[in-house]
Amino acid sequence: MENASAAFLDAVRKSMAAIRTAVSATTIDPGRLMTTGRDSFSKAETVTVATIEAAVPALDEARSLLSGFQNIIRERKSPDLDTWIDTAAGGLLASFAKGLPRDRAAVAAALVEPWSNGQTEEQVTRLKLAKRQMYGRAKLDLLEVRLIGAG
């Protein structure tokens, strides 16, 4: 999911000139445009999103494709993945879509297997965060105290 979101953010960045022209603005926060649901926008922002969707249909298509990909992953719809890849290969998410077949075995396993390495990744991230927070301050004894205390 993280790579898909990064691919969409890249698509937004590629479309920034057209977006700025559409909304007559010189600065726009691309991260703010990452929101996929209109419920989180104010009325004025919804008008801006509608303006962007009308002016940059390829970006609107990329947003829909991202939502579709997230749905495939969440609902584990393995048969829909090939169709999604074929559809996305011609748009702003093409580089992401072209990379999926290279990792086909891993993607297929993620869609059909009941387990995940999410808990392992969480522990590694927590360890790295503690290490970064203490960089240059202490030795292994303080790291050990922080990790045991953080558990």
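We're numbering straight along the sequence, starting at 1.
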### Message
Please give me the minimum heavy-atom distance between Ala89 and Lys98, naming the atom from each residue.
### Response
O-CE, 4.2 Å
### Query
Ion pair present between Arg63 and Asp60, side-chain N to carboxylate O less than 4.0 angstrom?
yes
### CZ-CZ distance between Arg13 and Phe8, expressed to the nearest 0.5 angstrom
11.5 Å
### Message
When you compare the side chain of Arg76 with that of Val112, does any pair of heavy atoms fall below 4.5 Å?
### Response
no
## Note on the structure
Taking every heavy atom of Ala22 against every heavy atom of Thr51, the minimum-distance pair comes out as O-CG2, 3.4 Å
### Task
Mind listing the closest non-hydrogen atom pair of Leu93 and Ala11 along with its distance?
CD2-CB, 4.5 Å
### Query
Of the non-hydrogen atoms in Ala62 and Leu92, which two are nearest, and what is the gap between them?
CB-CB, 4.1 Å
### Task
Using a 4.5 Å cut-off on heavy atoms from C-beta on, say whether the side chain of Asp10 contacts that of Phe96.
no
### Task
Check whether any side-chain N or O of Trp84 sits under 3.5 Å from a backbone N or O of Leu65 as a donor-acceptor pair, and report yes or no.
yes
### Query
With side chains defined as the heavy atoms from C-beta onward, is the minimum distance between Arg102 and Val107 less than 4.5 Å?
no
### Task
Kindly check if the number of other-residue, nucleotide or ligand heavy atoms within 6.0 Å of CD (Gln119) is above 12?
no
### Task
Would you check, one step at a time, whether the test side chain to side chain contact (heavy atoms under 4.5 Å, CB included) holds for Thr125 with Glu122?
CA-CA 5 Å; Thr125 301; Glu122 178 185 356; 5.7 Å; no
### Message
Can you give me the closest heavy-atom contact between Leu111 and Ser78, atom names plus distance?
### Response
CD1-CA, 3.7 Å
### Task
Assess whether side chain to side chain contact (heavy atoms under 4.5 Å, CB included) is satisfied between Ile19 and Val12, documenting all intermediate values.
CA-CA 9 Å; Ile19 293 169; Val12 170; 4.3 Å; yes
### Intermediate values then yes/no, side chain to side chain contact (heavy atoms under 4.5 Å, CB included), Glu53 and Leu59
CA-CA 7 Å; Glu53 288 173 347; Leu59 187 59; over 6 Å; no
### Task
Could you tell me which non-hydrogen atom of Ala97 sits nearest to which non-hydrogen atom of Ile85, and how far apart they are?
O-CG2, 3.6 Å
### Reported OG-to-CG distance for the pair Ser64 and Asn71, which is rounded to 0.5 angstrom
12.0 Å
### Query
Can you find a pair of side-chain heavy atoms, one from Leu81 and one from Phe69, that are under 4.5 Å apart?
yes
